[in-house]
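Report on the structure given below.
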Number of protein chains: 2
Amino acid sequence: MPPRSALKRQVNRLPPERRISDIMAAAKQVFVEKGYNDALITDIALRAGVVEGSIYRFFANKRELLVKVVEHWFEEMLRDDAEQFAAVRGSWNQIRFIVYTHLTSIHRDPALSRLMFQEIRPAPDYRGSHLFELNRAYTHRLVDVVKAGIAAGELRPESSPNLVRDLVFGCIEHRTWAFLRGEGDFDPAEMADAITNLVHHGLALGSEPASPMESVVARLETATARLEAAAGIAPAKSSSSRPR
Amino acid sequence: MPPRSALKRQVNRLPPERRISDIMAAAKQVFVEKGYNDALITDIALRAGVVEGSIYRFFANKRELLVKVVEHWFEEMLRDDAEQFAAVRGSWNQIRFIVYTHLTSIHRDPALSRLMFQEIRPAPDYRGSHLFELNRAYTHRLVDVVKAGIAAGELRPESSPNLVRDLVFGCIEHRTWAFLRGEGDFDPAEMADAITNLVHHGLALGSEPASPMESVVARLETATARLEAAAGIAPAKSSSSRPR
DNA sequence: GGCGCTAATAAATACCATTCATCATCGTCG
DNA sequence: CGACGATGATGAATGGTATTTATTAGCGCC
């Protein structure tokens, strides 16, 4: 059937990298706004200025597109954090820095964080994926900090570094779920202080005389960390104020 | 038009409660085996001995069916745990008990736990749902333990009970994700000990070393040095944050 | 300036949750 | 004891959406 030979199809050829980045930018928008399930390929295609089918030339399916989008975000984030971290000294400060930057990332990109937690990490092929490796590197900094702290005699030698990692990242995630669902807000600096202190000192009242000194020092340390943050020495408000 | 009046439709009438429990049992099976997305209503209907449409007489949609299934499981679990808990004494033992039973539930029903974490909790209407209330009650036992421990002088008074809750449940979840994806196994008892100890004592080398005062002073000096280094900077904003 | 190669398109397909028109069964009442 | 109305149950239709496919258009090469 010859419906319209008069109507010429509009075709706009572009270099593949450009197409790919257009599609990924559009996909990021839509995934962020709608979440994975409610994101429509049609919508993504529309915003990228292509037709549905074209997306499948570059991405095997909707899920691969999601993974690529989150990967891209995560890589960018890692780059931003890495250099600053190198300057921080002392186990308390290092833990606090890691907690603070992680909280800040969640606070800045709740929707992407959610996609990572809810859609990516539970997938059966997560282990073995590039994102798994990226995340491993990301959380491993904390493992190294704990090991170094033990070696330096600052931390209890019987602490399992991997367990500390799960304690810290798990705590952060659990505590931010309400925010990730869109309920209320939180202050990354304040929460970072609280978490770091709790992990560092634990719950138990030590056998030492419950020195008032203890809490004075802790408060002093907290104050110092805040000062440092304000001065931009350690935990700066990373990428929002930085060129990428 | 009557296509085959010779073929009489087989109809099997049952009391609603029976139908509902049949459907829920079938749904539980299928959700557990396939996960939410890959579970087919057709499959559930088949196993329940009804036709697709019948499911919609009792459940508004697939998601409501999921919620009901998980609710049922959770309620059962709560009942089982509650009585035993009443007998445990001492904050370490109580925390250990809660950690252990939670780990055991995850170990026994990984698929249902996953559905709870991945499908139910992130939903925008989670807060306000019955499961939210159930879970609140479930985790609140730990909050009460911490409060009681503080009151009894066993735990540090500046610990935030809610933060401890997030620390513990977050840690458990983070540490069990690999298992929930089907990778490897874990020993609930062993993990419960490790988590409880870490939370209880914290990371920092506390009183053990020769002189407690020594390390307090050392930390004070470190903190002071940092303060001096950062001197001249305006204090951080509002932040009433203190070590809690 | 034609020719093939491949990007890009638009329509077709497949798969499912959900809805709907219709039928079968049961308790009740004449 | 037999019609009858209410309602449980059915299976086919609907609608939405990811994915595939057949076809067309633009670019570079000779």
Side-chain angles (χ1 to χ4, degrees), chain A residues 1-27 29-31 33-69 115 119 123, chain B residues 1-27 29-31 33-69 115 119 123:
Chain A
M1 54 199 169
R4 340 32 76 80
S5 45
L7 243 280
K8 250 177 140 189
R9 248 199 314 212
Q10 265 304 55
V11 167
N12 185 14
R13 260 183 182 206
L14 283 181
E17 322 84 63
R18 176 63 194 286
R19 270 283 120 94
I20 290 178
S21 75
D22 282 0
I23 291 172
M24 281 183 51
Q29 269 191 17
V30 178
F31 283 137
E33 280 175 32
K34 306 283 179 60
Y36 180 72
N37 272 298
D38 294 343
L40 303 189
I41 294 286
T42 313
D43 193 1
I44 295 173
L46 191 71
R47 299 204 207 187
V50 298
V51 94
E52 298 168 277
S54 298
I55 290 180
Y56 288 89
R57 173 168 307 285
F58 302 105
F59 302 93
N61 50 43
K62 191 178 169 185
R63 181 153 295 268
E64 181 180 311
L65 181 52
L66 171 75
V67 168
K68 287 283 164 53
V69 164
L115 289 169
E119 303 289 346
Chain B
M1 53 199 157
R4 311 78 46 93
S5 43
L7 245 279
K8 248 180 145 188
R9 251 201 308 214
Q10 266 301 60
V11 166
N12 185 14
R13 262 184 180 201
L14 284 181
E17 322 85 62
R18 175 64 194 285
R19 269 283 122 93
I20 289 177
S21 75
D22 282 359
I23 291 173
M24 279 182 53
Q29 269 192 17
V30 177
F31 283 138
E33 280 176 32
K34 306 285 180 61
Y36 180 72
N37 272 298
D38 295 344
L40 303 189
I41 294 287
T42 312
D43 194 1
I44 295 173
L46 191 70
R47 300 203 205 188
V50 299
V51 95
E52 299 168 275
S54 297
I55 290 179
Y56 289 89
R57 172 169 308 285
F58 302 105
F59 302 93
N61 51 42
K62 191 178 168 184
R63 181 153 294 271
E64 182 180 310
L65 180 52
L66 172 76
V67 168
K68 288 284 164 52
V69 165
L115 290 169
E119 303 289 346

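Within every chain, numbering begins at 1; the chains are lettered A, B, ... in the order of the sequence lines, protein sequences first and strands thereafter.
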Between D:dA9 (C1') and B:Leu14 (CG): distance, integer Å: 11 Å
Just the rounded figure in Å: distance from P of D:dG16 to NZ of B:Lys62. 18 Å
Rounded to the nearest Å, what distance is computed from the CZ atom of residue A:Phe59 to the P atom of nucleotide D:dA18? 16 Å
For B:Leu40 and C:dA17, what is the distance between atoms CG and C1' respectively, to the nearest whole Å? 10 Å
Any salt bridge linking A:Arg47 with A:Asp22? Criterion: basic side-chain nitrogen under 4.0 Å from a carboxylate oxygen. no
Given D:dA6, C:dT18, C:dA8, which nucleotide is nearest the side-chain atoms of B:Arg13? D:dA6
Nearest-Å distance, NZ (A:Lys34) to P (D:dA18)? 11 Å
For the side chain of A:Arg19 and the backbone of A:Ser54, is there at least one donor-acceptor N/O pair under 3.5 Å apart? no
Within the side chain of A:Tyr56, is there an N or O that forms a donor-acceptor pair under 3.5 Å with the backbone of A:Lys62? no
From the set D:dA9, C:dA8, C:dA10, return the single nucleotide nearest to any side-chain atom of A:Arg19. C:dA8
Between B:Tyr56 (OH) and C:dT19 (P), how many Å, whole number? 7 Å
Pair of N/O donor and acceptor under 3.5 Å linking C:dA8 base with A:Arg57 side chain: yes
Mapping B:Ala39 and B:Asn12 to their closest nucleotides on DNA chain C, which lands nearer the 5' end? B:Ala39
How many whole angstroms separate atom CD of A:Glu64 from atom P of D:dT19? 11 Å
Out of C:dA24, C:dT18, C:dT9, which has the shortest distance to the side chain of B:Ile41? C:dT18
